[in-house]
Amino acid sequence: MIFAANFKCNHTRSSTQSYISTLSELIKSDTSHECFVFPPATALLASTPNVTIGVQNAYMAQNGAYTGEIGLEQLDEFGIKTILIGHSERREILGESQEIVAKKFQYFTENGFKIIYCIGEPLEIRESGFDSVMEYLTEQFIGIDINYPNLIVAYEPIWAIGTGRSATIDEITITHKALKSIVSVPLLYGGSVNLSNIKEISSIDEVDGVLVGSASLDAVKFYELIRSC
Ligand code: PEP
């Protein structure tokens, strides 16, 4: 299983450092899972042998006049080669269009990054039926090279993110099955994953891992999630 922790705009540089040393220590001999942590950009640090550090976002440039952004040069300093692209909070709150997301995707593929590419539909689309859901999700692959070898896809229904209301086991199973007929890469589920639902979610055949926000913020609790699979 793949476990990815998305801190979003949480944690400081020092709390991230102690989080990573705690988590690395806890999972040190457990090689059965792959673990990623995405801290805020100010708290980037080098990966450890069992925890890969990735960046939540970056600009598609080496460096330059892009106020407020970080580029390849800044990521290189920490040896970062993993990035989240297309998270719904960046699409919805920061206004990243599919065109920008696709450009970013292309830039980071050209630079050999591992990409966790996020897709997910809003509630009104989910409520208008499964065909609409799949049409919406398929559009989020426009401009994306789904055959990129270093790709992981994360399906995260927007209505399940940070709401405490995860998608049901049936909804996840059916959606992941349909997505697996489009992409043949590891497929994560994200959206209110926690200790009470991880067992059931991780036992779905088409779920290769999880992307976790709130329930990842405490290293010991995140490890509990990992250990329970
Ligand atoms: C996320 O933002 O990627 C996420 C899944 O958040 P949460 O686990 O808090 O729903």
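Computed from a predicted model, the values in this text were never measured in an experiment. Order of listing sets the numbers, starting from 1, for every ligand and every atom in it.
- Annotation: Thr163 places no N or O atom under 3.5 Å from an N or O atom of ligand 1; distance criterion only.
- Here Glu224 pairs with Arg227 in a salt bridge; the nearest charged N to carboxylate O distance falls below 4.0 Å.
- Each of the following atoms of ligand 1 lies closer than 4.0 Å to a heavy atom of Ser192: 7 (P), 8 (O), 10 (O).
- Across Val153 and Val185, no two heavy atoms sit closer than the pair CG2-CG2, 3.7 Å.
- Taking all atoms of both residues into account, the shortest heavy-atom contact from Thr82 to Ile53 is CB-O, 4.2 Å.
- Taking every heavy atom of both residues into account, Val37 and Tyr19 meet most closely at CG2-CE2, 4.1 Å.
- Near Ala160, meaning under 4.0 Å from one of its heavy atoms, ligand 1 places the atoms 10 (O).
- When non-hydrogen atoms are compared, ligand 1 lies under 4.0 Å from the side chain of Asn6 (C-beta onward) but not from its backbone.
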Verdict with reasoning, Tyr117 to Val183, per side-chain contact (heavy atoms from CB on, under 4.5 Å):
CA-CA 12 Å; Tyr117 181 67; Val183 288; over 6 Å; no
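- Using modelled atom types, one side-chain atom of Ser192 and one backbone atom of Ala160 make a donor-acceptor pair closer than 3.5 Å.
- Near His87, the atoms of ligand 1 lying under 4.0 angstrom from a non-hydrogen atom of the residue are 1 (C), 2 (O), 3 (O).
- Nearest non-hydrogen protein atom to atom 8 (O) of ligand 1 is Gly213 N, 2.8 Å.
- In summary, the atoms of ligand 1 found under 4.0 Å from a heavy atom of Gly162, numbered by their order in the structure, are 7 (P), 9 (O), 10 (O).
- Residue Thr175 is tested with Arg126, Lys180, Glu206 for a side-chain hydrogen bond (donor to acceptor under 3.5 Å, both in side chains); the sole match is Arg126.
- When heavy-atom distances to ligand 1 are checked against a 4.0 Å cut-off, Ser88 has no atom that comes that close, whether in backbone or side chain.
- Ring-plane geometry between His11 and Phe7 is classed as tilted, the angle between the planes lying from 30 to 60 degrees on a 0 to 90 degree scale.
- The N/O atoms of Leu211, backbone and side chain alike, include none that comes under 3.5 Å of an N/O atom in ligand 1.
- The shell of residues lying under 4.0 angstrom from ligand 1, judged by heavy atoms, excludes Ala154.
- For atom 2 (O) of ligand 1, the nearest non-hydrogen atom of the protein is Lys8 NZ, 2.5 Å.
- Residue, atom and distance of the protein heavy atom nearest to atom 9 (O) of ligand 1 are Ser214 OG, 2.5 Å.
- Gly191 counts as a contact of ligand 1, since one of its heavy atoms falls under 4.0 Å from the ligand.
- Scanning the protein for heavy atoms near atom 5 (C) of ligand 1, the closest one is Glu156 OE2, 3.0 Å.
- Side-chain atoms of Asn194 and Ser196 include a donor-acceptor pair closer than 3.5 Å.
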